[in-house]
Amino acid sequence: MIRDMLIDDYPQIIKLWRSISGFRIRSIDDSEEGIRRFLARNPGISKVVFVEGKIAGSVLCGHDGRTGTLYHVCIADDFRRRGLGEAMIEAVLESLKKEHIHTVNLIAFTENTGGNIFWQTIGWKKRDDVNYYEKVIDSMNTIEIC
Ligand SMILES: CC(C)(COP(=O)(O)OP(=O)(O)OC[C@H]1O[C@@H](n2cnc3c(N)ncnc32)[C@H](O)[C@@H]1OP(=O)(O)O)[C@@H](O)C(=O)NCCC(=O)NCCS
């Protein structure tokens, strides 16, 4: 079962994120308050996947009126390679289409071999013609690497 993410899912979701090797959790953005703000600004796009009544996967998605962005795409270790990841992303894309968003992007760390294969297998294009830039404007927004 795939449904929209709710703030009440947060305790299960943060636990899931912390179980994903290599995930980077931001102290402010990924706090309960940060996710509450994110979901309020981007309602009905982020998804959770349930297996046997428990959250087995999740994806955060927001858009700026032009481009959608995915964050923290994950399926719990025990439930991988069953098509759940692909189905969850399909559900996000359907929600974005309803919002008239036609392009979606995401960051995959270069060392994330499985993740990069996943995106290419499900039809996403790796861009080699761009450099990605970032500026952290609040030094309190620190990163925890799982
Ligand atoms: C990436 C991730 C979300 C994929 O979830 P999933 O539910 O296992 O993916 P699916 O079962 O829908 O995979 C669809 C297809 O992608 C390919 N694929 C997925 N994961 C793969 C892997 N680790 N290695 C090789 N191919 C893979 C396969 O072709 C698969 O189809 P198949 O199992 O019939 O061969 C999951 O592995 C995960 O959470 N990884 C850790 C977090 C992460 O890397 N997230 C992405 C960050 S950019």
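All ligand and atom numbering here is 1-based and tracks the order in the structure. All values reported here derive from a predicted model rather than from experimental measurement.
Ion pairing between a basic and an acidic side chain is recognised when a charged N comes within 4.0 Å of a carboxylate O; R18 and E144 show such pairing. Between R24 and E134, none of the side-chain N atoms (NZ, or NE/NH1/NH2) sits under 4.0 Å from a carboxylate O, so this pair counts as no salt bridge. Ion pairing between E94 and K98 fails under the 4.0 Å rule for side-chain N and carboxylate O.
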Exercise for review: Given side chain to side chain contact (heavy atoms under 4.5 Å, CB included), test T113 with E111 step by step and report yes or no.
Suggested key: CA-CA 6 Å; T113 309; E111 74 261 23; over 6 Å; no
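Considering backbone and side-chain atoms alike, G83 places an N or O below 3.5 Å from some N or O of ligand 1. Of the N or O atoms in W119, none lie within a sub-3.5 Å distance of an N or O in ligand 1. Any N or O atom pair closer than 3.5 Å counts here, and I75 shares at least one such pair with ligand 1.
Applying the 4.0 Å criterion to heavy atoms of L84 picks out, from ligand 1, the atoms 7 (O), 12 (O). When each atom of ligand 1 is checked for a heavy atom of A108 under 4.0 Å away, the hits are 48 (S). In summary, the atoms of ligand 1 found under 4.0 Å from a heavy atom of I107, numbered by their order in the structure, are 48 (S). Within ligand 1, the atoms closer than 4.0 Å to a non-hydrogen atom of E86 are 12 (O), numbered from 1 in the order shown. Less than 4.0 angstrom separates some heavy atom of R82 from each of these atoms of ligand 1: 11 (O). Residue I20 approaches ligand 1 through these ligand atoms, each under 4.0 Å from one of its heavy atoms: 41 (C), 42 (C). The C74 neighbourhood of ligand 1 comprises atoms 39 (O), with distances under 4.0 Å to a heavy atom of that residue.
Considering only non-hydrogen protein atoms, atom 47 (C) of ligand 1 sits nearest to N112 ND2, 3.7 Å. The protein atom (non-hydrogen) at minimum distance from atom 37 (O) of ligand 1 is R80 CD, 3.3 Å. The protein heavy atom nearest to atom 7 (O) of ligand 1 is G85 N, 2.8 Å. The single protein non-hydrogen atom nearest to atom 26 (N) of ligand 1 is I117 CG2, 3.3 Å, given as residue, atom name and distance. For atom 24 (N) of ligand 1, the closest heavy atom belonging to the protein is R81 NH1, 3.6 Å. Closest protein heavy atom to atom 16 (O) of ligand 1: F118 CD1, 3.6 Å. From the protein, the heavy atom lying nearest to atom 23 (N) of ligand 1 is G114 CA, 3.5 Å.
Contact annotation for M88 and ligand 1: no heavy atom of the residue comes within less than 4.0 Å of the ligand.
Looking only at distances, no side-chain donor or acceptor of R3 sits under 3.5 Å from a matching main-chain atom of K47. Side chain of D9 to backbone of L6: a donor-acceptor contact under 3.5 angstrom is found. For the pair N112 (side chain) and A108 (backbone), a donor-acceptor distance under 3.5 Å is absent.
Separation of atoms SG (C61) and CG (D4) is listed at 11.0 Å; rounding is to 0.5 Å.
Every side-chain contact (heavy atoms from CB on, under 4.5 Å) that F23 has, sequence neighbours left out, goes to W17, I20, H72, C74, C146. For the side-chain contact (heavy atoms from CB on, under 4.5 Å) test, residues two or more places apart in sequence or in another chain that qualify with I28 are R37, D138, M140, N141.
T103 and T67 form no side-chain donor-acceptor contact under 3.5 Å, judged by distance and modelled atom types alone.
Remark: R81 is not positioned above the aromatic ring of F118, lacking an NZ or CZ atom under 6.0 angstrom from the ring centre and at most 45 degrees off the axis.
Of the listed residues (L16, V73, T121), the one carrying the non-hydrogen atom nearest atom 45 (N) of ligand 1 is V73.
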